[in-house]
Amino acid sequence: FAYDGTDIIINVACPASPDSNELDILDACSNLVKKLLDKCVFAKSMFIQLSSGEADMMRSIDHPHRCYSVGKRFAETLCHEYHKQYGVDTRIVRLYNTYGKGMRLDYNRCQSKFINDAINNPFINVQGQALHIRTFTHIDDTVRGIDTIMEYGKAGETYELANPYPVSIAEFAQIVGKVSNKLVKFSGAYTDKDVIVPDISKLKALGWEAKVGLEEGVRRTISECIK
């Protein structure tokens with residue numbers, strides 16, 4: 001890649017599925033991010049790091065998604081230090097369960113699994129964790145949010161980008177079932193309720209708001225994935 005004259009670098013690279021190789025996740029969040037930030041120092045480019053709300057989650061060392069949480073947190077720390085020490089215009093965007101056109105249906109994430117079930121299976125299968133509270137953000141809202149942060153955001157800041165209406169995973173599955181006219185089947189042990197509700201006030205202050213409702217977004221996604 002030629003970085004001379006590059007105005008903005010947006011880093012989206014990181015395996016997100018719990019099935020991904022842990023070393024690949026850690027490498028993407030450390031070595032790759034540092035190399036890109038070094039390029040930004042040279043080219044005086046803005047650096048947009050797509051992170052995750054999971055960066056704030058402290059997980060046990062044997063948790064299947066530990067490396068993702070730790071990796072994203074380390075990548076954010078690199079961004080903050082390059083901004084502080086070298087003046088790089090870094091802007092961190094924490095995403096929350098983005099879904100929509102182009103999503104991989106084989107990823108071990110509930111939004112991917114439920115949409116895949118809606119298209120390819122007779123039931124929407126929910127295995128445990130049905131009480132967890134999450135936000136699900138359509139890709140169109142996500143892209144507009146990133147554009148807003150690039151245009152109006154502040155260097156060195158972290159912005160949380162999410163649909164403002166959290167639902168339980170069970171409720172999300174029911175919406176997918178309603179849109180696809182499929183029954184929802186629950187199995188596995190229920191875990192304690194785990195609530196992740198982002199603070200999108202900083203992004204809203206820049207003029208952004210989510211425009212795609214959950215039911216509408218699921219309907220669009222199923223239709224687009226079938227094509």
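It should be emphasised that the depicted structure is a prediction, and the values quoted were computed from it without experimental measurement. Position 1 is the first residue of the sequence; numbering continues from there.
In the displayed structure, Glu216 atom CD is contacted under 6.0 Å by more than 12 heavy atoms of other residues, nucleotides or ligands. With a 6.0 Å radius and a threshold of 12 heavy atoms from other residues, nucleotides or ligands, Lys185 has its NZ atom at or below the threshold. Within 6.0 Å of CG in Asn31 there are more than 12 heavy atoms belonging to other residues, nucleotides or ligands.
In this structure, Val176 is a member of the same hydrophobic cluster as Phe186, with clusters built from ILVMFWY side-chain heavy atoms closer than 4.5 Å. Under a hydrophobic clustering in which Ile, Leu, Val, Met, Phe, Trp and Tyr are joined whenever their side-chain heavy atoms come within less than 4.5 Å, directly or via other members, Leu95 and Leu32 fall into different clusters. Taking hydrophobic clusters as Ile, Leu, Val, Met, Phe, Trp and Tyr residues chained together by side-chain heavy-atom distances below 4.5 Å, Ile9 does not share a cluster with Tyr159. There is no path of hydrophobic side-chain contacts, each under 4.5 Å, that joins Ile226 to Phe123. No path of Ile, Leu, Val, Met, Phe, Trp and Tyr side chains, each step under 4.5 Å between heavy atoms, connects Val93 with Val197, placing them in separate hydrophobic clusters.
The two atoms that bring Cys79 and Gln49 nearest to each other are SG-CB, 3.7 Å, heavy atoms only. When all heavy atoms of Pro15 and Ile25 are compared, the closest pair comes out as O-CG1, 3.7 Å. In terms of heavy atoms, Ala28 sits closest to Val33 at O-CG2, 3.4 Å. Residues Cys67 and Leu26 come closest through the heavy atom pair O-CD2, 3.8 Å. Heavy atoms only, all atoms of each residue included: Leu161 and Ile146 are closest at CD1-N, 3.7 Å. When every heavy atom of Tyr107 is checked against every heavy atom of Ser112, the shortest pair comes out as O-CB, 3.5 Å.
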Could you go step by step and tell me if Ile169 and Leu131 meet the side-chain contact (heavy atoms from CB on, under 4.5 Å) rule? CA-CA 6 Å; Ile169 290 177; Leu131 301 180; over 6 Å; no
Cys29 vs Phe74, side-chain contact (heavy atoms from CB on, under 4.5 Å): CA-CA, chis, key distance, verdict: CA-CA 7 Å; Cys29 292; Phe74 183 75; 5.5 Å; no
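Between the Tyr82 side chain and the Cys40 main chain, no donor and acceptor come within less than 3.5 Å of each other. A donor-acceptor pair is defined here as one N or O able to donate and one able to accept, closer than 3.5 Å; such a pair exists between the side chain of His83 and the backbone of Val88. In this structure, Trp208 contributes its side chain and Asp141 its backbone to a donor-acceptor pair below 3.5 Å. Side chain of Ser52 to main chain of Glu54: a donor-acceptor pair is present (N/O by atom type, distance under 3.5 Å, no hydrogens or angles). Judged by distance alone, with hydrogens and angles left aside, the side-chain atoms of Asn97 form a donor-acceptor pair with the main-chain N or O of Thr135 at under 3.5 Å. No side-chain donor-acceptor contact under 3.5 Å links Ser51 to the backbone of Ile92. Glu81 places no side-chain N or O within donor-acceptor distance of the main-chain N or O of Leu78, the cut-off being under 3.5 Å. A side-chain donor-acceptor contact under 3.5 Å links Arg91 to the backbone of Met150. With hydrogens and angles ignored, the 3.5 Å screen pairs no side-chain donor or acceptor of Glu160 with any backbone N or O of Ile200. For the pair Lys182 (side chain) and Ile124 (backbone), a donor-acceptor distance under 3.5 Å is absent.
To the nearest 0.5 Å, the span separating OG on Ser180 from CD1 on Ile175 amounts to 11.5 Å. Separation of atoms CD (Gln111) and CG (Asn116) is listed at 12.5 Å; rounding is to 0.5 Å. Taking CD of Glu209 as the reference point, atom CG of Asn163 lies at 11.5 Å (rounded to 0.5 Å). For the atom pair CZ (Arg104) and SG (Cys225), the distance works out to 13.0 Å, reported to the nearest 0.5 Å. Put simply, CD1 on Ile133 and CD1 on Ile196 are 10.5 Å apart, with the number rounded to the nearest 0.5 Å. The line from CG of Leu37 to CG of Asn11 is 8.5 Å long, rounded to the nearest 0.5 Å.
Salt bridge status for Glu224 with Arg220: absent, with no side-chain N to carboxylate O gap under 4.0 Å. Under a 4.0 Å N-O distance rule, the pair Asp89/Lys44 does not qualify as a salt bridge. In summary, Arg66 and Glu22 do not engage in a salt bridge, as defined by a charged side-chain N under 4.0 Å from a carboxylate O.
Between Phe114 and Phe172, the ring planes lie tilted relative to each other; the angle falls in the 30° to 60° range.
No side-chain N or O of Asn125 forms a donor-acceptor pair with one of Lys113 less than 3.5 Å apart.
Arg144 has its side chain within reach of Lys211: a pair of non-hydrogen atoms, C-beta onward, lies under 4.5 Å apart. Annotation: side chain of Val184 is in contact with side chain of Val126 (closest heavy-atom distance under 4.5 Å). Counting heavy atoms from C-beta on, the side chains of Gln174 and Val167 never come closer than 4.5 Å. Under the 4.5 Å side-chain criterion, counting only non-hydrogen atoms from C-beta, Arg94 is in contact with Glu76. Side-chain contact between His138 and Thr221 is present, with heavy atoms from C-beta onward closer than 4.5 Å. Here the side chains of Ser20 and Tyr68 are not in contact, with every heavy-atom distance at 4.5 Å or above. Side-chain contact between Ile115 and Leu105: present, with at least one pair of heavy atoms (C-beta onward) separated by less than 4.5 Å. In this structure, the side chains of Lys39 and Ser45 stay at 4.5 Å or more apart for every pair of heavy atoms.
Taking the ring axis of Tyr165 as reference, the NZ or CZ atom of Arg134 does not stay both within 45° of it and closer than 6.0 Å to the ring centre.
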